[in-house]
Amino acid sequence: MELGRSEAAFASAQTYLAGGVNSPVRAFKAVGGSPIFISEANGARITDLDGNQYIDFVGSWGPMIVGHAHPDVVTMLQSLIGRGTSFGTPTELETELGRRVVELVPSIERVRFVNSGTEATMSAIRVARAATGRPKILKFSGCYHGHSDSLLASAGSGVMTFGIPSSPGVTDGTVADTITVPFNNLPAVREAFNEVGDQIAALILEPVAGNMGVIPPAIGYLQGLREITSEHNALLIFDEVITGFRLAPGGAQEYYQVTPDLTCLGKVVGGGMPVGAFGGRADLMDQLSPTGPVYQAGTLAGNPLAMGAGIATLEVLNQPNTYSRLDRLGDQLANGLKDASSRHGVPLHINRVGSMLTGFFQDGPVTEFEQAAKSDTDHYAAYHGHMLRQHIYLAPSQFEATFVSLAHTEADIATAAEAADNAIARL
Ligand SMILES: Cc1ncc(COP(=O)(O)O)c(C=O)c1O
């Protein structure tokens with residue numbers, strides 16, 4: 001497979017961009033080799049500069065749930081772009097996307113749009129601290145909530161991949177108010193609350209972890225967290241930046257029937273444009289300026305093109321049987337991977353919830369970060385390369401989700417499963 005143009009593009013990028021990329025995991029460091037540079041994408045397929053076409057299971061890290069360049073999203077953007085791209089004033093598009101979010105997501109009575117998932121979690125935490133008058137945040141090791149300082153304690157995703165426990169540049173003082181405990185371990189949460197519960201403003205988590213590879217919550221775990229936080233008058237924040245609109249119209253909170261106080265959104269809600277959002281009970285969201293004293297703002301927040309892409313994407317998801325289809329395709333892929341693993345005797349533990357899944361190169365179970373970290377990352381790197389050469393694009397790290405979209409067909413999944421069989425046979 002010819003990758004010369006991508007390699008040249010990466011060399012050139014490194015002259016001008018820090019590390020040649022604008023988000024570290026894109027640099028392929030965890031799997032070796034040079035990143036592919038994409039020239040265009042359509043449906044479930046992406047095409048690189050050398051003309052190689054791949055079936056895409058990254059989906060821009062989650063947003064592209066209806067596929068790339070979906071005609072409805074393209075039509076919406078075309079209808080808007082000639083009318084101006086940013087006004088810094090309210091538009092009806094913001095209210096329209098806001099209405100859909102409020103109607104779909106059980107915990108959200110009021111929402112505010114921002115530009116990224118990072119901004120969403122950072123701002124939700126500010127609201128939680130203001131509303132409770134308490135300083136501390138409880139989070140789980142391996143859960144990633146974006147790159148704001150106070151949340152870069154034992155983070156997953158790129159940080160975990162590079163083996164850095166947190167990040168230089170984050171002060172001890174900032175992280176002193178962040179408590180980190182293992183995922184899926186209620187006694188650890190109880191202990192933290194028993195010790196400093198009166199100082200904990202909020203517990204924040206990915207209800208289905210996606211940034212240490214996919215790890216579902218144990219049965220009763222989310223309910224347990226709801227009870228403990230309520231007992232201690234702390235807020236429960238679901239970071240649904242990945243799971244929002246992916247697992248169900250109302251996200252993981254609908255899927256698992258547990259209602260948090262605040263919810264963070266991103267990815268799908270922007271339909272591939274830069275959008276994040278946070279929302280929750282009206283009394284909490286009314287703490288925000290201009291109704292309340294908590295400052296939060298954004299020049300491009302609620303950008304009309306971004307709102308339009310989000311509206312069009314949610315409208316596609318609103319059609320009949322979309323979530324059952326996503327689940328079926330996810331199941332087909334998981335089964336294909338399981339078959340390949342047992343046929344060739346290579347340990348591969350699959351965790352899946354709906355259209356998000358991870359195959360961990362190990363026997364499992366994988367219920368928290370330390371178990372995930374035991375995966376054979378050399379195997380993953382080799383597997384990734386074998387898949388790429390068969391024109392299947394997977395996340396360039398073991399500790400990420402594989403995403404299925406509505407644009408994938410059963411035949412695409414079968415092709416990917418066959419490629420996985422070949423790849424695993426060669427490990
Ligand atoms: C669960 C979760 N929260 C927050 C973020 C941060 O979002 P963004 O990259 O848009 O800042 C991510 C990004 O991957 C995420 O997966």
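Atoms within a ligand are numbered from 1 in the order they appear, just like the ligands themselves.
Contact atoms of ligand 1 toward Asp239: 1 (C), 2 (C), 3 (N), 4 (C) (distance under 4.0 Å to a heavy atom of the residue). Close contacts of ligand 1 with Ile242, meaning ligand atoms under 4.0 Å from a residue heavy atom, involve 16 (O). Within ligand 1, the atoms closer than 4.0 Å to a non-hydrogen atom of Gly146 are 4 (C), 5 (C), 6 (C), numbered from 1 in the order shown. Of all atoms in ligand 1, numbered sequentially from 1 with element shown, those under 4.0 Å from a heavy atom of Thr118 are 6 (C), 7 (O), 8 (P), 11 (O). Residue contact check: Ser116 has heavy atoms under 4.0 Å from atoms 10 (O), 11 (O) of ligand 1.
Ring centroids of Phe183 and Tyr221 are separated by less than 6.0 Å, placing the two rings close together.
By heavy-atom distance, the residue among Glu400, Met122, Lys267, Glu240 lying nearest atom 14 (O) of ligand 1 is Lys267.
Under 4.0 Å from ligand 1, not a single heavy atom of Trp61 appears. Under 4.0 angstrom from ligand 1, the non-hydrogen atoms of Val241 all belong to its side chain. Of the heavy atoms in Glu206, only side-chain atoms (C-beta onward) come closer than 4.0 Å to ligand 1.
Residue Phe361 is tested with His379, His384, His349 for a ring pair (Phe, Tyr, Trp, His ring centres under 6.0 Å); the sole match is His379.
Within the model, atoms CD of Gln362 and OH of Tyr380 stand 14.0 Å from one another, a figure rounded to the nearest 0.5 Å.
For Gly117, a nitrogen or oxygen atom sits less than 3.5 Å from a nitrogen or oxygen atom of ligand 1, counting backbone and side chain alike. For ligand 1, one of its N or O atoms has an N or O atom of Asn211 under 3.5 Å away.
Using modelled atom types, no side-chain atom of Asn321 and backbone atom of Arg325 make a donor-acceptor pair closer than 3.5 Å.
With salt bridges taken as basic N to acidic carboxylate O contacts below 4.0 Å, one links Asp261 and Arg226. Salt bridge present: Glu96 and Arg100 bring a charged side-chain N and a carboxylate O closer than 4.0 Å.
The minimum heavy-atom distance linking Ala128 with Ala202 is given by the pair CB-CB, 3.8 Å.
Residues Tyr393 and Ile38 form no side-chain contact, since every pair of their non-hydrogen atoms from C-beta on lies 4.5 Å or further apart.
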